[in-house]
Asks: 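Sharing a structure here in structure tokens format.
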Number of protein chains: 2
Amino acid sequence: MNDSGHSTGSAAGSKRKDALRNQQTLLDAAASVFVTSGVEAPVRDIAAEAGVGTGTIYRHFPTRADLIIAVYRHQVEACAEAGPDLLTTCPTPHAALERWVDLFVDFLVTKHGLAAVLRTDSSGFETLHAYFLDRLLPVCAQLLDAAAASGEIRPGIDAYQLMRGIGNLCIGAESDPRYDARRLVALLVAGLRRPS
Amino acid sequence: MNDSGHSTGSAAGSKRKDALRNQQTLLDAAASVFVTSGVEAPVRDIAAEAGVGTGTIYRHFPTRADLIIAVYRHQVEACAEAGPDLLTTCPTPHAALERWVDLFVDFLVTKHGLAAVLRTDSSGFETLHAYFLDRLLPVCAQLLDAAAASGEIRPGIDAYQLMRGIGNLCIGAESDPRYDARRLVALLVAGLRRPS
DNA sequence: AACAATACGGAACACGGTTCCGCTTTGGCA
DNA sequence: TGCCAAAGCGGAACCGTGTTCCGTATTGTT
């Protein structure tokens, strides 16, 4: 309890106030750059936007992926928390699954290039991949299980595959007007339904 | 009419024989490296494997993507030509579509990292993207049209979206045992069926 | 055999992530 | 208030890629 009690949301135990200020500046700058140039914007651009050196970024965020995580943590949390809510709100588990997938897809498609960074390979982004999985996989699994338990969907696809499939389908969706990721994902989720 | 009329198969109008030999050596080396290290192997590795300098690669293939195209041209052609055949061989157009998609997916999944390189972005690979589209899109469209004409599938997804969706679903499939791209693609294609 | 055209090798460049280190700022303490 | 060690900072430097450039070697024609 040594600081005045306001935290920036993340685990900000750092001591010096200029460091804290810079951390926030960086998050803002990154968010701004991500919006205009996409998630794959060069670190140097973010540093420039924040008016700091590149070293500063790496002291606060061990790797580019960690910065991305930090920027989108709130939204990922929101997405994760929405899962259980939808399950109680929606008429059927499958409907809840559909809604949740919509949320997830909107999130991915909205953030320029985020989806492309979720795939297993693309070195340097294991952290990001792991974070998304850690946080969202259980939620997706819960929805999937509920839908399975209610007999609405056929088995054979687990939450991991579904999430990777959705993530993959969203790649490049924002930069190609001819490609509608939402529709394809919807098709996929519809395909989960029991044929009966 | 100055040359003796033997060509290596591709548009090889180049004159000097060492150049032709090197071109073939490069194709073989590239094919070999792609198998062991994936399509994203560094140009220098391919040059080393072929025992030539990097400059030589770029004289024969303007860009890395062109080398990839050259290596896989045969298989892409085969895939393209299989389309019409399947249409006459299979009992229904939808079955033909399924078979063809299987072929395409096998091709993508087999070649380490090829799928990842088909997306619209990933600068430097526009050539490859364009080639795949030019060659395979008409085939896919023909199959899709036939299936639509026979009333087996519902409209709303065009060939372009289907191909991009399939390509995306195949990304990373070879490096992740927990992910079965074939199954997801099958789900997608199954989802095209008319609900009735 | 000589020479011009062609091709070659690999150093050099552009660009992106990441590391390193000398300098600056901060904040506790006298 | 002034001092100083610790914490933080900037950005040059490093590494790995794709790509370009140019001096040199090879080819084949006269």
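Note on naming: letters A, B, ... go to the chains in the order of the sequence lines (proteins, then strands), and numbering restarts at 1 for each one.
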Asks: Under a 3.5 Å threshold, yes or no: a donor from one side chain and an acceptor from the other, between Glu152(B) and Thr92(B)?
Replies: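 On atom types as modelled, these side chains qualify, holding a pair under 3.5 Å.
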
Asks: Can you label the angle between the Phe132(B) ring and the Phe104(B) ring as parallel, tilted or perpendicular, going by 30° and 60°?
Replies: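 Ring orientation of Phe132(B) relative to Phe104(B): tilted.
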
Asks: Measure CZ/Arg59(B) against P/dT26(D) and give the value in whole Å, please.
Replies: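 In whole Å, dT26(D) P lies 14 Å from Arg59(B) CZ.
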
Asks: Could you say whether Arg21(B) or Val43(B) is positioned toward the 5' end of DNA chain D, judged by the nucleotide with the nearest heavy atom to each?
Replies: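 Per heavy-atom nearest nucleotide, the more 5' residue is Val43(B).
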
Asks: Of Lys17(B) and Ala65(B), whose closest DNA chain D nucleotide lies nearer the 5' terminus?
Replies: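 Residue closer to the 5' terminus by nearest nucleotide: Ala65(B).
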
Asks: Measuring only between side-chain heavy atoms, which start at C-beta, is Leu162(A) closer than 4.5 Å to Cys140(A)?
Replies: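 Of all side-chain heavy-atom pairs linking Cys140(A) with Leu162(A), at least one is under 4.5 Å.
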
Asks: Write down the distance between NE2 (His60(B)) and C1' (dT6(C)), rounded to a whole number of angstrom.
Replies: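 Distance, rounded to whole Å: 11 Å.
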
Asks: Before accepting this row, confirm whether a basic side-chain N of the pair Asp176(A)/Arg164(B) lies closer than 4.0 Å to the acidic partner's carboxylate O.
Replies: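 Looking at Arg164(B) together with Asp176(A), the answer is yes, because their closest N to O distance falls below 4.0 Å.
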
Asks: Ile57(B) has an atom CD1; how far is it from atom C1' of dC8(C), in whole Å?
Replies: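 These atoms are roughly 12 Å apart.
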
Asks: In this structure, how many angstroms lie between the P atom of dG10(C) and the CG atom of Asp45(B), rounded?
Replies: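 Computing the Asp45(B):CG to dG10(C):P distance gives 15 Å.
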
Asks: List in numerical order all residues of residues 46-56 of chain A for which some heavy atom is under 4.0 Å away from an atom belonging to DNA chain D.
Replies: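 Output list: Gly51(A), Val52(A), Gly53(A), Thr54(A), Gly55(A), Thr56(A).
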
Asks: Can you find a side chain N or O atom of Tyr58(A) that sits less than 4.0 Å from OP1 or OP2 on dT18(C)?
Replies: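 Checking Tyr58(A) against dT18(C): at least one side-chain N or O falls below 4.0 Å of OP1 or OP2.
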
Asks: Measuring to OP1 and OP2 of dT18(C), would you say a side-chain N or O of Thr63(A) lies under 4.0 angstrom away?
Replies: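 It does, given that an N or O in the side chain of Thr63(A) lies less than 4.0 Å from OP1 or OP2 of dT18(C).
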
Asks: Rounding to a whole Å, what distance do you find between Arg16(A):CZ and dA6(D):C1'?
Replies: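 Rounded to the whole Å, the gap is 8 Å.
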
Asks: dT25(C) C1' sits how many Å from Leu20(A) CG, rounded?
Replies: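 Result: 15 Å.
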
Asks: Below the 4.0 Å mark, does dC9(D) have OP1 or OP2 next to a side-chain nitrogen or oxygen of Asn22(A)?
Replies: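 Answer is yes, contact under 4.0 Å.
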
Asks: Within the pair Arg64(A) and dG17(C), is there a side-chain N or O less than 4.0 Å away from OP1 or OP2?
Replies: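 Yes, within the criterion.
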
Asks: Taking the side chain as everything from C-beta on, heavy atoms only, tell me whether Phe61(B) gets closer than 4.5 Å to Ile68(B).
Replies: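 Of all side-chain heavy-atom pairs linking Ile68(B) with Phe61(B), none is under 4.5 Å.
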
Asks: How many whole angstroms separate atom CG of Asp18(B) from atom P of dA5(C)?
Replies: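 One finds 17 Å between P of dA5(C) and CG of Asp18(B), rounded.
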
Asks: CD of Glu126(B) versus P of dG18(D): gap in Å, rounded?
Replies: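 The distance from CD of Glu126(B) to P of dG18(D) comes to 15 Å, rounded to the nearest Å.
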
Asks: Among side-chain atoms of Tyr179(B) and Asn168(A), is any donor-acceptor pair under 3.5 angstrom?
Replies: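 Their side chains do contain a donor-acceptor pair, which is all the 3.5 Å distance test asks for.
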
Asks: If the test is salt bridge (charged side-chain N to carboxylate O under 4.0 Å, His left out), which one of Arg21(A), Arg16(A), Lys15(A) qualifies with Asp18(A)?
Replies: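 Only one option passes, and that is Arg16(A).
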
